[in-house]
Amino acid sequence: MLVKDKLARLLMEAALQAQQRGLLPPVALPPATVERPASPEHGDYASSLPLKLGRTAGIKPLTVAETLVALLPSAPELGQVQVASPGFINFILKREWLLEQVATILEQGESYGSLDLGQGTRLQLEFVSVNPTGPLHVGHGRGAVLGSALANVLAAAGYQVETEYYINDAGSQVENFARSLYVRCLEARGRPAQMPEGGYMGSYVRDLAQEALKELGASLLDRPEGEALAELSRFGLKRMLDAIRQDLELLGVRFHVWFNEKSLFQEGQFPKAMAQLQGRGFLATREGATWFVSTALGNDKDNVLIRNDGTPTYFASDIAYHYNKFLERGFQRVINIWGADHQGHVSRMKAAVSALGIEPERLDIIIGQMVTLRRGGEVVRISKRSGELITLRELVEEVGPDACRFVFLSRSAAAQMDFDLELAKQESPENPVYYVQYAHARIASILRLAREQGLDWARGDPLRLEHPAELALIRQMLLLPEVVETVALSLEPHHLPHYALELATAFHTFYKQCRVLGKGPTSEARLKLAEAAKVVLARTLHLMGMAAPESM
RNA sequence: GCGCCUGUAGCUCAGCGGAUAGAGCAUCGGUCUUCGGAACCGAGGGUCGGGGGUUCGAAUCCCUUCAGGCGCGCCA
């Protein structure tokens with residue numbers, strides 16, 4: 001149990017006691033929130049419960065605070081407890097307990113920070129899911145990093161996580177792509193042709209056309225158009241998907257499952273989902289099309305599911321897809337990470353899910369806002385269907401995967417972000433990314449040296465630690481489980497890099513002030529502390545999907 | 001026009017009901033005979049876009065207004 005939760009429980013016990021003894025009126029108790037005060041003068045944890053309770057109880061908050069403190073049960077974690085005006089209770093962790101945690105962390109090793117919050121809940125996390133009709137760009141990278149880090153954290157928080165990439169291989173964009181490719185093939189053989197409306201203009205289509213001709217043979221173009229298109233579609237999709245997979249791999253992003261949209265139709269999910277909607281009265285036929293009556297669920301308009309030419313819309317397959325996630329595969333929770341351009345899709349997807357009879361709370365949709373890419377002062381527009389683009393691959397190759405991950409992660413998904421390529425590169429030596437990794441490498445180096453010098457710190461006793469910088473470092477280390485909880489509950493991984501920075505700072509400060517290597521009990525204790533700090537740093541980096549280097 | 005997101009230090013961003021608003025970068029000044037200086041210590045820099053309100057208390061909640069982004073397809 002997290003320390004803050006334990007303190008909250010102690011407070012509740014004290015409050016109940018106070019009510020039983022008639023020291024507090026029997027009013028409803030507000031939740032005993034325990035938070036981390038901004039200033040260290042206010043202790044390790046603080047609660048404003050007396051301020052809240054004071055109002056409803058009609059008693060001076062300061063008096064409430066004193067009453068609660070007097071009745072507070074003792075606990076091994078708990079050192080001093082102070083009352084502060086106008087009605088705060090400040091908790092200071094017991095020094096011995098704090099120091100014992102060094103050993104606890106070393107025992108837990110890489111599992112330090114793990115929680116049982118999810119209790120094995122089966123959770124599916126779907127992200128990236130870019131149409132396989134072009135290379136990944138910078139914005140996709142953001143979603144990829146967000147998703148993979150979140151998957152790590154949710155797994156650490158006790159969820160049974162499955163990550164998935166949804167391949168849109170059935171829609172009209174795929175046809176559009178195949179046709180664009182076809183046109184480029186014709187052109188390459190000196191047979192001018194007209195690009196389709198909204199065709200894919202990127203130069204990669206030309207390159208792909210060359211490859212297609214080489215691989216499939218130029219005779220392809222003499223076959224009936226339908227056959228050629230089908231052939232090119234298969235070829236193009238395969239190539240694009242391979243490229244996408246490789247690009248993601250470069251960023252350290254992998255998926256458990258690559259799910260084909262087509263399979264929804266091949267395996268009968270689609271009609272089942274539609275039947276489900278029909279049976280629950282959410283379908284209507286108008287103007288030759290089949291509509292989802294989302295207005296019945298508070299949406300501002302209905303949406304077409306099956307066009308009057310009989311083909312299903314993207315929304316319709318997405319409904320079948322979610323039918324499959326929840327009802328066929330039985331995930332208890334589903335999280336989708338979408339780009340800002342899917343904003344309008346959110347409320348109707350939620351409506352669709354509840355129309356299928358699934359509690360909409362089981363579906364979370366995270367919208368990752370736009371990434372504006374800059375080279376120096378110049379803004380680079382990213383567009384897939386036309387013009388040139390900065391690919392994710394270029395970005396990763398220029399900046400490196402760890403720096404990419406760190407930068408993407410440190411902004412909240414809801415905020416648009418600027419990614420300045422020049423800065424990210426040029427910044428490298430002064431980059432926060434390296435600052436954190438450097439702390440880890442530094443510890444590794446110290447421990448190496450210690451071993452070379454034949455030092456043995458196995459019996460080092462952390463209870464000997466007393467320097468303020470040592471205690472501050474331990475306090476930072478103890479925060480990791482809370483950060484994991486925060487991220488798992490809020491689905492906001494951006495807390496991770498900020499924590500990593502604070503942890504690294506605490507270590508560097510300690511290192512500067514406290515000589516580690518040497519003989520004697522103090523050194524042995526400090527070596528233990530450094531080793532534990534390394535564990536926490538490594539875990540934090542790994543949760544972010546970054547390397548924890550032994551040397552740099 | 002309507003919906004969602006965002007306006008916090010020169011720049012990029014945290015903080016999203018609590019006690020003097022934080023970090024990184026940039027700027028300026030120190031540390032420099034010991035374990036990796038990719039480091040440490042310190043300083044300056046802010047009417048938290050503006051205006052109302054709720055509250056003992058608001059950057060944080062509500063209303064309004066301004067600015068930017070993204071949506072509002074029988075595209076995905």
Side-chain angles (χ1 to χ4, degrees), chain A residues 33 35 37-39 41-42 46-48 51-52 54-55 61 84-88 90 129-131 133 168 170-174 176 197-198 261 286-291 300-301 303-318 339-347 367-370 372 385 407 410-420 423-424 426-439 441-450 453 494-495 497-499 501-502 504-505 507-518 523 526-527 530 551-552:
Chain A
T33 52
E35 53 223 25
S39 160
E41 295 162 38
H42 301 131
S47 177
S48 58
L51 286 165
K52 295 180 174 106
R55 181 166 12 172
S85 89
F88 290 102
N90 297 331
S129 300
V130 177
N131 284 355
T133 55
N168 289 107
S172 59
Q173 282 309 318
V174 172
N176 184 9
E197 186 86 8
E261 180 185 3
R286 288 199 293 269
E287 302 152 37
T290 304
W291 296 71
D300 47 6
K301 61 167 88 160
N303 298 91
V304 172
L305 295 182
I306 299 172
R307 289 181 266 254
N308 55 20
D309 68 359
T311 59
T313 62
Y314 158 79
F315 181 40
S317 15
D318 226 8
D341 54 341
H342 283 62
Q343 178 59 248
H345 192 48
V346 173
S347 65
I367 294 293
Q369 290 297 324
M370 303 288 287
T372 309
R385 287 185 208 173
V407 173
S410 47
R411 273 75 160 165
S412 85
Q416 297 150 230
M417 63 173 284
D418 279 12
F419 199 121
D420 190 331
L423 209 79
Q426 169 195 47
E427 212 181 35
S428 323
E430 294 295 315
N431 213 311
V433 186
Y434 299 101
Y435 180 84
V436 176
Q437 290 183 323
Y438 178 63
R442 217 177 197 185
I443 299 174
S445 165
I446 293 170
L447 297 179
R448 258 196 315 270
L449 248 171
Q453 294 176 7
H494 71 266
H495 298 289
H498 288 96
Y499 169 69
L501 230 37
E502 282 173 26
T505 301
F507 175 75
H508 286 308
T509 303
F510 153 75
Y511 173 84
K512 199 70 185 180
Q513 294 184 30
C514 303
R515 166 92 198 173
V516 176
L517 288 184
S523 281
R526 285 179 176 167
L527 278 163
S551 67
M552 296 171 68

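Source: prediction; values computed, not measured. So that the names make sense, note that chain A is the first sequence line, chain B the second, and so on, each numbered from 1.
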What's the [atom1]-[atom2] distance between [X] and [N], to the nearest Å?
| X | N | atom1 | atom2 | answer |
| --- | --- | --- | --- | --- |
| A:Phe507 | B:A39 | CZ | P | 13 Å |
| A:Ile367 | B:C70 | CD1 | C1' | 9 Å |
| A:Gln453 | B:U34 | CD | C1' | 11 Å |
| A:Lys301 | B:G71 | NZ | C1' | 10 Å |
| A:Tyr499 | B:G22 | OH | C1' | 18 Å |
| A:Asp300 | B:G3 | CG | C1' | 7 Å |
| A:Met370 | B:C4 | CE | C1' | 14 Å |
| A:Tyr511 | B:C32 | OH | C1' | 13 Å |

Between A:Ala84 and A:Gln513, name the one whose nearest nucleotide on RNA chain B is closer to the 5' end.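 With A:Ala84 and A:Gln513 compared, the 5'-side residue is A:Ala84.
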Reading RNA chain B from 5' onward, which residue's closest nucleotide shows up sooner: A:Asp418 or A:Ala444?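 Looking at RNA chain B, the more 5' nearest nucleotide goes with A:Asp418.
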For the side chain of [X] and the base of [N], is some donor closer than 3.5 Å to an acceptor across the two?
| X | N | answer |
| --- | --- | --- |
| A:Asp341 | B:C70 | no |
| A:Gln416 | B:G68 | yes |
| A:Asn176 | B:A76 | no |
| A:Glu287 | B:C74 | yes |

Aromatic rings A:His345 and A:Tyr314: how do their planes relate, parallel, tilted or perpendicular, breaks at 30° and 60°?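 Ring orientation, 0 to 90° scale: tilted.
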Plane angle bin for A:Tyr511 and A:Phe507 - parallel if under 30°, tilted between 30 and 60°, otherwise perpendicular: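 A:Phe507 and A:Tyr511: tilted rings.
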Distance alone, cut at 3.5 Å: any donor-acceptor contact between the side chains of A:Thr133 and A:Gln173?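 No, no side-chain donor-acceptor contact under 3.5 Å.
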Looking at every non-hydrogen atom in both residues, tell me the closest pair between A:Ala450 and A:Leu517 and how far apart they are.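 Looks like CB-CD2, 3.5 Å.
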Which heavy atom in A:Val304 sits nearest to a heavy atom in A:Thr313, and how many Å separate them?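 A:Val304 and A:Thr313 have their closest heavy atoms at O-OG1, 3.0 Å.
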In the structure shown, which nucleotide is the Watson-Crick or G-U wobble counterpart of [N], with both distances under 3.5 Å?
| N | answer |
| --- | --- |
| B:C61 | B:G53 |
| B:G73 | none |
| B:A39 | B:U31 |
| B:G46 | none |
| B:A23 | B:U12 |

Report yes or no: is the ring centroid of A:Phe88 under 5.5 Å from the six-membered base ring centroid of B:A19, with the two planes under 30 degrees?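 Yes.
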Going by centres under 5.5 angstrom and planes under 30 degrees, do the aromatic ring of A:His494 and the base ring of B:A14 stack?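 Here A:His494 fails the 5.5 Å or the 30° condition.
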Residue A:Gln343, side-chain atoms from C-beta onward, closest of B:G3, B:A39, B:A19: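 In terms of side-chain proximity for A:Gln343, the closest of B:G3, B:A39, B:A19 is B:G3.
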[X] side chain near [N] phosphate (N/O to OP1/OP2, under 4.0 Å):
| X | N | result |
| --- | --- | --- |
| A:His345 | B:G73 | no |
| A:Thr311 | B:C74 | no |
| A:Tyr434 | B:G24 | no |
| A:Lys52 | B:G17 | no |
| A:Ser412 | B:A14 | yes |
| A:Ser410 | B:G24 | no |

Would you compute the distance between atom CG of A:Leu305 and atom OG1 of A:Thr290 and round it to the nearest 0.5 angstrom?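 Nearest 0.5 Å value for the CG-OG1 distance: 7.0 Å.
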Using a cut-off of 4.0 Å on non-hydrogen atoms, how would the nucleic acid contact of A:Ser48 be classed: base, sugar-phosphate, or nothing?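 A:Ser48: base contact, heavy atoms under 4.0 Å.
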